[in-house]
Amino acid sequence: MEIRYHDVVIVGAGLAGLRAAVELAGKHDVAVLSKLHPLRSHSGAAQGGVSAALGNAEEDSPLWHAYDTIKGSDYLADQYAVEVMCNDAPRAIIELEHLGVPFSRFDSGHIAQRPFGGHTRNFGEAPVRRTCYAADRTGHVCLHTLYEQALKQKVRFYDEFQVLDLCMSGDAVNGVVAVELKSRALVTFHARAVMFATGGYGKAWKTTSNAFANTGDGLGIVMRNGIPLEDMEFVQFHPTGLYQLGILITEAARGEGGILRNGSGERFMERYAPTIKDLAPRDIVSRSIYRELMEGRGAGPGKDHVLLDLTELSHEKIAEKLPEIESFAKIYLGVDPSESPIPVLPTCHYAMGGIPTDVNGRVTRDAGGTEVQGFWAAGEVACVSVHGANRLGSNSLLDLIVFGRRAGKDIAGFLKKSQGPLPLEADTSTRVRDLIDGLLGRNGGETVAEVRTALQRLMMDKVSVFRNEEGLAEAVRELRELRERAREVRVLDATMSFNSELLEAIELQYMVDYSATVAAAALKRRESRGAHSRDDYPRRDDENHLEHSLCFLEEDGSVTVSEKAVDLSLAASDPRFVPKERKY
Ligand code: SIN
């Protein structure tokens with residue numbers, strides 16, 4: 001088998017991976033592996049913006065930003081990590097501007113800022129304009145800019161290489177095994193440092209804003225190597241997905257003045273969040289939408305959706321600030337948003353949990369923070385944790401660029417001290433070969449699509465916005481069965497080149513494994529916090545559950561859930577950060 005060496009191997013070419021690569025490039029030999037062309041990475045789908053207390057529109061401060069992030073997280077975010085992110089945000093935005101990101105501007109020439117859900121001034125007083133943007137294509141332009149910078153600095157890209165395993169030397173990571181999609185050749189990438197920036201995992205749900213590639217590969221791989229996942233029960237549903245499709249309609253639509261209405265035309269968010277209304281955090285807005293539907297106040301003949309009303313915005317304003325969603329509404333639903341409201345429903349959007357890391361992106365393996373030597377993670381695949389139980393809109397792009405850069409810097413420091421790569425074990429690819437041979441050698445069995453559809457239905461029905469003990473227990477049980485079914489699927493396509501059936505069969509195994517951690521952690525958490533809402537335990541329970549979850553995958557496919565302390569360092573000196581009931 002071919003073996004290639006690079007000092008640093010970064011897996012994933014979204015914003016977190018590219019930002020780390022740009023930090024290291026020119027000084028070290030850096031390779032970025034991506035199963036897609038880098039410009040198809042899902043960071044490019046982030047529409048509405050990136051938060052930073054620049055204060056270009058009105059007074060703002062990183063401390064207010066930190067307060068909103070922690071309150072939005074339902075007090076589960078690690079407070080020091082949030083402080084690090086919010087303090088670094090203004091610098092990170094100016095850096096992006098200098099790298100070439102074409103931000104929208106105010107007439108003064110300053111970077112324009114708009115309101116987003118849960119971002120307020122003066123500790124919750126009223127919405128604040130904190131989110132910097134480039135129309136509604138912010139992730140797209142950031143991705144293009146960082147990719148150009150990485151190319152300019154001669155980062156080595158391996159496009160359409162799908163990583164299938166980690167190489168371990170004892171407890172340390174020293175490379176990855178990948179398959180080249182074009183040839184199906186297995187390649188071992190030997191490295192001194194490996195970083196995962198493999199993104200999120202929304203494809204396990206039927207309705208999602210996530211791209212087809214978001215199958216949680218990074219999470220599946222680390223679990224099989226004994227590394228836990230943190231806070232997997234917290235899965236965000238974005239309030240405004242296009243009805244029946246789940247395609248994202250940015251929160252910026254509400255930031256620019258859009259209003260959610262029920263079937264009677266009522267602005268129902270006034271009842272649920274009287275101070276900030278439609279700009280409440282996403283967990284609250286998504287639940288409010290479902291409450292309206294459950295109480296018979298939905299729109300349309302089936303009363304099965306609500307309406308996002310942009311008709312008060314001028315045609316010019318929509319064309320200038322929200323062109324992308326204008327075209328989505330027209331193309332997919334035949335609705336011109338300046339004339340009629342857009343039918344919407346919540347859509348699975350973002351994973352708050354992931355691979356546990358410290359604020360420098362170092363992967364940790366237990367509640368005590370023991371590092372996995374040679375291994376970093378950043379972006380949606382990681383759990384630092386800055387989003388806790390619920391992420392605020394526009395904090396995601398910020399997380400990617402702040403912690404991608406910090407991981408890059410930390411890897412550079414590590415390389416200075418490290419002697420050289422740890423030697424590879426003789427059998428790096430055995431497990432991957434066995435996996436592929438097992439799938440290709442089978443005649444009978446279900447198709448990948450059949451099992452994946454069953455998984456997506458199960459997660460949508462029982463591990464969704466509202467949860468309860470019975471449904472979650474059933475989900476845990478059914479996921480054990482799905483694990484077996486996923487291992488038994490048939491792969492009829494035996495071709496060597498771009499064998500997507502084979503790769504989807506492997507992705508399905510990851511999907512089932514991480515879904516099992518979501519269900520197990522959700523079953524264990526007998527409270528409601530942020531995006532995790534239990535009908536049977538409707539209150540937050542700080543006495544018993546103000547703690548992160550850590551999920552370990554056992555050999556037999558079962559999941560063990562343990563706890564990890566939440567960092568409350570800001571609360572120790574400032575009573576405003578002490579957990580309390582969230583009111584908006
Ligand atoms: C949006 O524009 O609403 C999505 C961006 C995000 O999730 O932060």
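For clarity, every value in this text was computed on a predicted model and none was experimentally measured. In each ligand, atom 1 is the first atom listed, and ligand 1 is the first ligand listed.
Atom 4 (C) of ligand 1 has Arg282 NH2, 3.6 Å as its closest protein atom, hydrogens excluded (heavy atom only). The protein heavy atom nearest to atom 2 (O) of ligand 1 is Thr250 OG1, 2.5 Å.
Checked by distance only, ligand 1 and Gly48 come closer than 3.5 Å through their nitrogen or oxygen atoms. An N or O contact shorter than 3.5 Å is missing between Asn395 and ligand 1 by distance.
One finds no salt bridge joining Glu233 and Arg467 here, because no Lys/Arg side-chain nitrogen approaches an Asp/Glu carboxylate oxygen to under 4.0 Å. Salt bridge present: Glu292 and Arg271 bring a charged side-chain N and a carboxylate O closer than 4.0 Å. A salt bridge links Arg282 to Glu251: at least one charged side-chain nitrogen sits closer than 4.0 Å to a carboxylate oxygen. Using a 4.0 Å cut-off between a side-chain N of Lys or Arg and a carboxylate O of Asp or Glu, Arg91 and Asp88 qualify as a salt bridge.
Contact atoms of ligand 1 toward His238: 1 (C), 3 (O) (distance under 4.0 Å to a heavy atom of the residue). Residue Arg391 approaches ligand 1 through these ligand atoms, each under 4.0 Å from one of its heavy atoms: 6 (C), 7 (O), 8 (O). Interface of Ser394 with ligand 1, defined as ligand atoms under 4.0 Å from a residue heavy atom, comprises 6 (C), 8 (O). Atoms of ligand 1 lying under 4.0 Å from any heavy atom of His349, numbered from 1 in the order shown and given with element: 4 (C), 6 (C), 7 (O). Listed by number with element, the atoms of ligand 1 under 4.0 Å from a non-hydrogen atom of Leu248 are 4 (C).
The shell of residues lying under 4.0 angstrom from ligand 1, judged by heavy atoms, excludes Ala252.
No hydrogens or angles considered: a donor-acceptor pair under 3.5 Å links the side chains of His548 and Asp78. The closest side-chain donor-acceptor pair between Asn390 and Gln236 falls under 3.5 angstrom.
For the pair Asp136 (side chain) and Ile325 (backbone), a donor-acceptor distance under 3.5 Å is present.
Between Asn395 and His119, some side-chain heavy-atom pair lies under the 4.5 Å cut-off.
Only side-chain heavy atoms of Phe116 come within less than 4.0 Å of ligand 1; its backbone N, CA, C and O stay farther off.
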